[in-house]
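Please read the structure below before turning to the comments.
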Amino acid sequence: MDAERLMASPLEEEITRLTALGLHRRCAEGALADTAALTLEINRLKKARKAVVCAHVYQTPDIILGIGDLVGDSYKLADDCRRTGAEEIIFCGVHFMAETAKILNPSRKVFVPSSNAGCSLSEGITAADVRKLRREHPGCPVVTYINTSAEVKAESDCIVTSANAEKILKEMYRRHQAVIFVPDRFMGANLARTLGKTPGRDIFLWNSTCVVHERFRPELIDVYRKRHPGLVALAHAECPSELIAAVDFMGGTGDMMRYVESTDAAAYLLVTECGFGELAKLRFPKKNFIAMCRLCPYMKSITLQSVLALLRDPAPQEVLVPAAIAARAKVAIDRMFELAAA
Ligand code: 13P
Ligand code: SF4
């Protein structure tokens with residue numbers, strides 16, 4: 001056999017790389033080669049464009065592990081984007097995350113590989129709604145979940161994510177009697193309970209919900225506890241309060257992943273979007289997970305094929321934020337970074 005034939009082709013090498021990451025376990029027979037052909041070409045084009053791929057943990061593992069450069073929850077991705085030296089940011093996440101990246105990186109081009117990557121929370125509130133809340137509750141600061149549009153952020157005093165909302169709200173209460181928290185009513189109620197605050201008196205909420213997390217029922221916790229002795233139940237802070245009252249841990253996806261990493265439970269029930277469970281299984285193959293099978297239709301509108309299509313014709317998918325809106329939104333986002341780090 002000559003030396004040339006002994007050398008693996010780029011496609012074979014890519015298949016080996018994806019196999020080492022465990023991706024073969026989620027592919028049907030023969031399908032890994034198709035995935036590898038896509039990741040190979042995406043990574044080649046990405047390098048040529050000096051682009052970086054941000055991937056939220058609700059994306060599919062072929063995106064996160066196959067092409068993701070920056071991976072994490074919405075806080076980590078926003079923070080990482082501030083430091084990237086890349087010329088372009090391809091955001092495999094939802095539109096508000098890409099908008100945040102654009103606000104933080106006005107000189108870089110930011111793209112989302114889907115025109116359907118919205119978010120029910122973000123779509124449930126407008127800038128006019130925030131202005132009305134301010135008029136109704138004069139003197140109360142507006143603390144806004146990052147799952148909102150740039151226009152809503154521009155009307156806000158401080159942005160929070162699931163990773164820092166509790167810490168930042170505590171600081172707000174050190175300075176103010178009452179706070180307006182938008183738009184997630186479940187997250188707001190869950191945080192109010194943790195902080196001993198009363199909705200309608202010292203925290204004023206909006207009525208938006210996440211279409212994925214609002215549908216988890218508290219009864220499911222008991223069902224799985226009976227089936228799996230020693231089970232630890234973790235739920236995202238966007239879940240309804242009755243469910244949160246029944247679990248062992250509430251947090252954002254970053255907190256949940258760190259909790260799994262640092263503990264050794266007999267089994268983990270992961271009450272959140274199913275991409276999180278898929279990733280946890282690949283990262284910790286020896287741990288036992290019961291992951292929910294509920295897809296975020298917005299997150300899942302992004303595929304390797306749509307990323308490749310974007311790299312071949314990016315212009316229509318560019319995320320733009322008017323400069324005046326971006327400047328005001330950035331003040332509220334920077335406030336988050338400042339208070340989260342304090
Ligand atoms: P995390 O910041 O916790 O990843 O949450 C983002 C999100 O959209 C959850 O539904
Ligand atoms: Fe929005 Fe819910 Fe999807 Fe997160 S999971 S992006 S909050 S719709």
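The figures here come from the full heavy-atom set of this structure, side chains too, leaving out hydrogens, waters and symmetry mates. Whatever order the structure lists ligands and atoms in, that order sets their numbers, starting from 1.
- C296 SG, 2.4 Å is the protein heavy atom nearest to atom 3 (Fe) of ligand 2.
- Closest to atom 1 (Fe) of ligand 2 among all protein heavy atoms lies C119 SG, 2.4 Å.
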Q: I would like to know whether Y298 and F96 meet ring pair (Phe, Tyr, Trp, His ring centres under 6.0 Å); could you show each step before the answer?
A: CA-CA 11 Å; Y298 309 103; F96 75 80; over 10 Å; no
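- Taking every non-hydrogen atom of N147 and a distance limit under 4.0 Å, the qualifying atoms of ligand 2 come out as 7 (S).
- For atom 2 (Fe) of ligand 2, the closest heavy atom belonging to the protein is C210 SG, 2.3 Å.
- Neither the backbone nor the side chain of E273 comes within contact range of ligand 2; no heavy atom lies under 4.0 Å.
- Which parts of ligand 1 touch N147 is read off a 4.0 Å heavy-atom cut-off, strictly below it: atoms 7 (C), 8 (O).
- Numbered from 1 in the order shown, with element, the atoms of ligand 2 that lie under 4.0 Å from a heavy atom of Y58 read 5 (S).
- A donor-acceptor pair shorter than 3.5 Å cannot be found between the side chains of K167 and N164.
- By the 6.0 Å and 45° rule, K170 does not stack over the aromatic ring of Y173.
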Q) Stepwise, does the salt bridge (Lys or Arg N to Asp or Glu O under 4.0 Å) test hold for R131 with E155? A) CA-CA 7 Å; R131 287 193 290 269; E155 297 293 334; 2.8 Å; yes
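- Side chains of L269 and M292 form a contact here, defined as non-hydrogen atoms less than 4.5 Å apart.
- Of the protein's non-hydrogen atoms, E238 OE2, 3.7 Å is the one closest to atom 7 (C) of ligand 1.
- For ligand 2, the atoms lying closer than 4.0 Å to a non-hydrogen atom of Y298 are 8 (S).
- Salt-bridge annotation for E242 and R217: absent, with no side-chain N of the basic residue lying under 4.0 Å from a carboxylate O of the acidic one.
- Residue-ligand proximity, S120 to ligand 2, at heavy-atom distances under 4.0 Å covers atoms 8 (S).
- Contact atoms of ligand 2 toward L121: 7 (S) (distance under 4.0 Å to a heavy atom of the residue).
- Each of the atoms 1 (P), 4 (O), 6 (C) of ligand 1 lies under 4.0 Å from some heavy atom of H56.
- Taking a 6.0 Å sphere around CZ of R215, one finds it holds 12 or fewer heavy atoms contributed by other residues, nucleotides or ligands.
- Contact atoms of ligand 1 toward G252: 3 (O) (distance under 4.0 Å to a heavy atom of the residue).
- In this structure, a donor-acceptor pair under 3.5 Å is present between the side chains of E14 and T39.
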